[in-house]
> 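Have a look at this one.
Hydrogens, waters and symmetry mates are skipped; everything else that's a heavy atom, side chains included, is used.
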Amino acid sequence: MPNRLFYNLFATDGFIYLPTDPTGTEKRQKVYVFGFAGGLFKIQPINILGKPAGPEIIVNPEFDTTVPDNLEALRGKAVIPSPRIDMDVGDELYITLTNLGFYLTDPPILDVHTLHVHGGHVASQVDGVPETSFGVPVTPPGSPAISITYYFKPEKPGTYFYHCHQEASEHVQMGMYGALIVYPSMLSLISSGISKKSFSGEWLYRGSPISHIPPTATNRNFAYNDVNSYYDSDWVLLFSDIDSAWHDAVYAQTDFNPVDYKPNYWLVNGRAFPDTLLPTKIPKALEPDFGYSIPDGYDCFVKVSTGNPSKHIRPDKFLLRMINIGYQPVPFHVHGWHGMIVGKDANPRTAGEMNFTTLVGSGESYDVIYSADDKRKLYADYIFCGRAGFPSLKQQVATATAQSKEAGTFIPPFPNADDLWANILLKTSFNKGTFIPPYNWKAWNYGSQMSDNFMYPQFYLAHNHDDYKVTNNGSYPGGQLIFIETDFPGTNYKSDPPVITEPDHVCRIHPGRTMSSGIIHYPANRKF
């Protein structure tokens with residue numbers, strides 16, 4: 001059943017605190033920003049004719065524009081990005097924009113603001129471009145809300161975004177943007193031959209069973225009205241870039257010429273690495289010294305599960321929704337896999353088009369699906385047992401560690417490290433609390449005894465391949481860099497101690513080696 005979704009967004013200002021070093025624990029750079037606070041206020045079920053089919057459901061009463069205290073509570077609370085908006089084809093979206101003004105500056109900045117659905121095929125009156133429609137004026141402190149409501153009814157699914165189009169060069173740079181995701185509806189899937197049995201949950205395509213789609217899947221496990229666009233989880237990656245000098249000039253209300261733009265921070269979902277590993281909400285006690293919370297739905301520490309062929313468990317398929325609201329192109333490279341491009345700019349692409357780097361231009365979006373394949377069959381023997389006359393990789397690293405120490409060239413990859421296995425996030429993960437992913441990195445350093453004969457978890461980088469954009473004001477690593485963690489099915493590496501379901505690796509004997517039993521089984525506590 002479709003819904004009317006009522007989002008209340010409030011234009012206001014605020015501060016974010018960007019990391020200046022790879023651990024995120026050194027003194028941060030305070031950056032003034034604009035943004036939209038608020039979010040989903042209420043929902044009203046409707047029928048396919050658009051008539052009410054049930055009572056309104058208040059979801060977040062704190063966003064009610066008729067309550068003056070709500071407005072005052074939201075002033076100065078802007079962060080990057082603005083709230084994520086999720087809806088289905090057939091839903092009706094009503095976004096009420098209240099302009100609270102920018103009162104953190106002296107004097108206040110009283111610009112009008114608009115809301116533009118980027119990629120939305122709408123009437124020009126609600127396109128959010130002040131040159132052809134209108135701007136929303138400021139509601140002064142202590143005054144009733146001055147609000148105008150935008151309407152959007154999506155005609156097709158895809159990855160969109162929204163932003164202020166008033167003085168867009170400045171207001172987008174300052175942070176007035178967010179993701180808008182339109183999922184297929186059950187009706188739109190059915191129109192494309194994709195259906196689900198109501199009792200068993202079995203999925204069908206043109207009447208034939210689809211074995212790889214579980215009965216727990218919903219319409220929101222498809223990117224498009226296309227059976228090839230099925231995924232297990234989707235992740236928004238909203239790329240942007242910041243010239244902190246421009247932000248400082250806006251805060252001080254001094255002139256800045258946009259042609260002098262020179263970014264020194266590059267963000268994914270409003271954060272620069274290592275903050276991209278944080279959950280969206282962090283304890284208040286750690287703000288602003290250790291980062292800042294952002295709206296729900298923008299996690300970018302991607303966590304998926306590999307397959308297990310022996311138990312007929314297929315690998316997770318995960319969708320990266322890449323959006324570039326920044327002013328520079330982003331060649332985003334995902335380590336470990338090739339991805340299948342299933343959509344661009346909210347339009348489906350022919351299934352089978354693959355890549356390993358997606359060039360996302362300013363104002364573009366891409367939908368790319370990856371499969372978390374099990375790599376043990378190809379690589380475990382070499383890592384744990386050795387191949388082609390080479391000893392195991394673990395033994396090679398241990399030998400190189402000893403040799404470098406003897407030669408006086410050993411450089412610890414992180415403080416107090418005793419071997420060459422890198423763990424640059426040790427300080428981030430443990431000096432500030434175990435709530436921060438990836439929790440047990442110290443235990444799962446690949447050189448540790450605990451990791452003997454276990455492939456998983458695997459950690460893959462995904463990053464902007466303009467590598468100078470993987471810095472924080474020149475400090476590497478930082479910027480547009482995220483991690484993808486692939487776990488063995490059923491394993492819970494967040495528990496203490498970790499719950500491990502992965503079996504020990506069994507080494508196979510290859511031509512040129514002799515072993516009467518044909519296999520070698522190293523126990524989990526074997527030291528190399």
Side-chain angles (χ1 to χ4, degrees), residues 4-15 32-44 56-85 87 92-118 120 122-153 161-180 250-251 253 295:
R4 287 194 178 116
L5 305 174
F6 299 88
Y7 278 77
N8 290 352
L9 299 181
F10 302 82
T12 186
D13 52 0
F15 293 97
Y32 178 65
V33 299
F34 301 166
F36 298 109
L40 179 62
F41 171 47
K42 63 183 179 180
I43 300 172
Q44 181 185 56
E56 293 182 344
I57 303 167
I58 304 296
V59 180
N60 292 296
E62 66 270 26
F63 301 148
D64 188 341
T65 60
T66 66
V67 179
D69 287 348
N70 288 348
L71 277 61
E72 302 314 310
L74 290 167
R75 290 187 189 277
K77 297 299 194 297
V79 294
I80 299 178
S82 297
R84 172 173 160 173
I85 298 175
M87 60 187 305
E92 296 179 0
L93 176 63
Y94 297 85
I95 305 177
T96 297
L97 177 57
T98 305
N99 180 2
L100 300 180
F102 302 144
Y103 281 85
L104 294 177
T105 62
D106 185 17
I109 298 173
L110 304 180
D111 290 348
V112 302
H113 293 292
T114 72
L115 198 144
H116 168 68
V117 176
H118 190 95
V122 301
S124 61
Q125 292 92 331
V126 291
D127 194 33
V129 181
E131 290 83 357
T132 61
S133 54
F134 59 88
V136 180
V138 170
T139 295
S143 302
I146 303 171
S147 304
I148 298 179
T149 300
Y150 292 83
Y151 171 66
F152 175 52
K153 188 175 179 66
F161 54 98
Y162 66 92
H163 62 85
C164 177
H165 223 296
Q166 168 70 17
E167 298 180 62
S169 61
E170 177 182 277
H171 291 195
V172 172
Q173 167 62 200
M174 293 300 292
M176 303 190 84
Y177 52 79
L180 195 163
V250 171
Y251 183 63
Q253 299 188 55

> Evaluate the side-chain proximity of Met176 to His163: yes if any heavy-atom separation is below 4.5 Å, no if none is.
no

> Looking only at heavy atoms, what is the nearest atom pair of Pro144 and Thr139, with distance?
O-CG2, 3.4 Å

> Distance-only criterion, 3.5 Å: show the donor-acceptor pairs between side-chain atoms of residues 101-108 and protein atoms not counting sequence neighbours.
{"residue": "Thr105", "atom": "OG1", "partner": "Phe102", "partner atom": "O", "Å": "3.2"}
{"residue": "Thr105", "atom": "OG1", "partner": "Pro107", "partner atom": "O", "Å": "2.8"}
{"residue": "Thr105", "atom": "OG1", "partner": "Ile109", "partner atom": "N", "Å": "3.4"}

> Strictly distance-based, threshold 3.5 Å: is any side-chain N or O of His171 a donor or acceptor partner for the main-chain N or O of Gln166?
yes

> Pair Phe6, Tyr94 - check ring-ring contact (aromatic ring centres under 6.0 Å, His included), show working.
CA-CA 5 Å; Phe6 299 88; Tyr94 297 85; 5.3 Å; yes

> Using modelled atom types only, decide if a donor and an acceptor are shared between the side chain of Asn70 and the backbone of Pro61 within a distance under 3.5 Å.
yes

> Give me the one residue out of Asn99, Leu100, Leu97, Thr96 that meets side-chain contact (heavy atoms from CB on, under 4.5 Å) with Phe10.
Leu100

> Do side-chain atoms of Gln125 reach the backbone of Ser133 as a donor and acceptor pair under 3.5 angstrom?
no

> When you measure from the side chain of Thr114 to the backbone N and O of Gly128, does any donor-acceptor pair fall under 3.5 Å?
yes

> If only atom types and distance count, is the side chain of Asp127 paired as donor or acceptor with the main-chain N or O of Val122 below 3.5 Å?
no

> Assert yes or no for the condition that the ring centre distance of Tyr150 to Phe134 is strictly below 6.0 Å.
yes

> Checking ring-ring contact (aromatic ring centres under 6.0 Å, His included) for the pair Phe34/Phe36: CA distance, chi angles, key distance, verdict?
CA-CA 7 Å; Phe34 301 166; Phe36 298 109; over 10 Å; no

> Restricting to non-hydrogen atoms, name the atom on Val79 and the atom on Val33 that form the minimum distance, rounded to 0.1 Å.
CA-CG2, 4.4 Å

> Which pair of non-hydrogen atoms, one from Thr12 and one from Leu74, has the smallest distance, and what is that distance?
CG2-O, 3.6 Å

